[in-house]
Amino acid sequence: MKRPFVVAANWKMYKGPSEATAYLQEFLSHATTVPQTVSQTNKMNKVLFLVPAIDLWVVSQTLQGTAIGWGAQNCHFEKQGAFTGENSPAVIAELRTPYTLVGHSERRAIFGENDEMIAKKVRALQDVGIEPMLCVGETLAQREAGQTGDVIREQLREGLKLRVESKPFMVAYEPVWAIGTGKVASPQQANEAHQILRAELRHIGGDALAQSTPILYGGSVKPDNSAELAAQSEIDGFLVGGASLQVDSFLALARTKK
Ligand code: PGA
């Protein structure tokens, strides 16, 4: 089965509504007619923007009807309630949001999210019709201790344990030591981790699940290292932080050839 090649921008806590609109208008001026899947005639992949929650309204207005997707970077797992400062998956869905990131390492490390919460978020998003992108990845200490496989397998298994079997999701492998550091995983290191994750997906849901679920690589992806990464058999796309903040560099990544 041919999986789509997915290029996702993670804007983190950058860009307010006006900057987001100006950026997307420029991006769209280069990409308006792009279909959401790889095709021979245009050289673009499935592209999406994961934006600060406060930008979601304007981003959804700007991207609706185009081939480009959008999503939040986090959500709460309850639909509503006394959760000051949180964003409801139901409200995110009201903006017809197709995707949302879950379990980014910054959420895990800085905001104390654990696998239990992440599993509930995956389920909550699927329940309102949003496709979650579940992030997993080891720290440098875990890699040096030879624990990479165990860590990412467990994060994947735990994060998916409440999922709805019939609904799609994506996985992003982001080694923590490669995020925002300029230190990209070697194509072999990344591919090995993706193989481990694909095998675990097979274990969790059989071959069809393993073959149809895109596994993206994230961590210092830039136009000058993307070709080598994309050439790896198990890499089905990129989750891009720093290099997604400028239209030029993200457009170059969105046009990655697989
Ligand atoms: P980076 O971030 O591309 O700046 O390393 C990736 C991410 O955190 O998703």
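Counting convention: from 1, in listed order, for ligands and their atoms alike.
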Is there any N or O on [X] that sits under 3.5 Å from an N or O of ligand 1?
{"X": "Lys222", "value": "no"}
{"X": "Gly180", "value": "yes"}
{"X": "Gly242", "value": "yes"}

Flag side-chain contact, heavy atom, 4.5 Å: [X] against [Y]:
{"X": "Tyr23", "Y": "Thr62", "answer": "no"}
{"X": "Thr148", "Y": "Gln142", "answer": "no"}
{"X": "Gln64", "Y": "Arg96", "answer": "yes"}

Nearest to atom 7 (C) of ligand 1, what protein heavy atom do you find, and at what distance?
->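 Ranked first by proximity to atom 7 (C) of ligand 1 is Glu174 OE2, 3.1 Å.
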
Protein residue, atom and distance nearest to atom 3 (O) of ligand 1, heavy-atom basis =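 Minimum-distance protein heavy atom for atom 3 (O) of ligand 1 reads Gly241 N, 2.9 Å.
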
Would you call Ser220 a ligand 1 contact, heavy-atom distance under 4.0 Å?
->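 Yes, Ser220 has heavy atoms under 4.0 Å from ligand 1.
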
Does Ala178 come within less than 4.0 angstrom of ligand 1, counting non-hydrogen atoms of the residue?
->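 The answer is yes: ligand 1 sits under 4.0 Å from a heavy atom of Ala178.
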
Please list, in number order, the atoms of ligand 1 under 4.0 Å from a heavy atom of [X].
{"X": "Gly219", "result": "5 (O)"}
{"X": "His104", "result": "7 (C), 8 (O), 9 (O)"}
{"X": "Lys12", "result": "2 (O), 7 (C), 8 (O)"}

For ligand 1, which part of Asn10 has a heavy atom less than 4.0 Å away: the side chain, the backbone, both, or neither?
->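 Side chain only.
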
Would you mind telling me if ligand 1 is within reach of the side chain of Ser105, the backbone, both or neither, using heavy atoms under 4.0 Å?
->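 Neither part.
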
Arg198/Asp236 salt bridge by N-O under 4.0 Å criterion =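 Salt bridge flag = yes for Arg198 with Asp236.
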
Residues Glu116 and Lys161 bridged, charged N to O under 4.0 Å =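 A salt bridge is present here (some side-chain N lies under 4.0 Å from a carboxylate O).
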
Where Gln126 and Pro168 come nearest, the two heavy atoms and their spacing |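 In this case the closest contact between Gln126 and Pro168 is NE2-O, 3.5 Å.
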
Take Trp70 and Asp55 through the side chain to side chain contact (heavy atoms under 4.5 Å, CB included) test and state the conclusion after the steps.
-> CA-CA 10 Å; Trp70 67 92; Asp55 295 347; over 6 Å; no

Determine the sole option in Leu48, Leu50, Asn74, Leu134 for which the side-chain contact (heavy atoms from CB on, under 4.5 Å) test with Leu101 is passed.
->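 Only match with Leu101 under side-chain contact (heavy atoms from CB on, under 4.5 Å): Leu50.
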
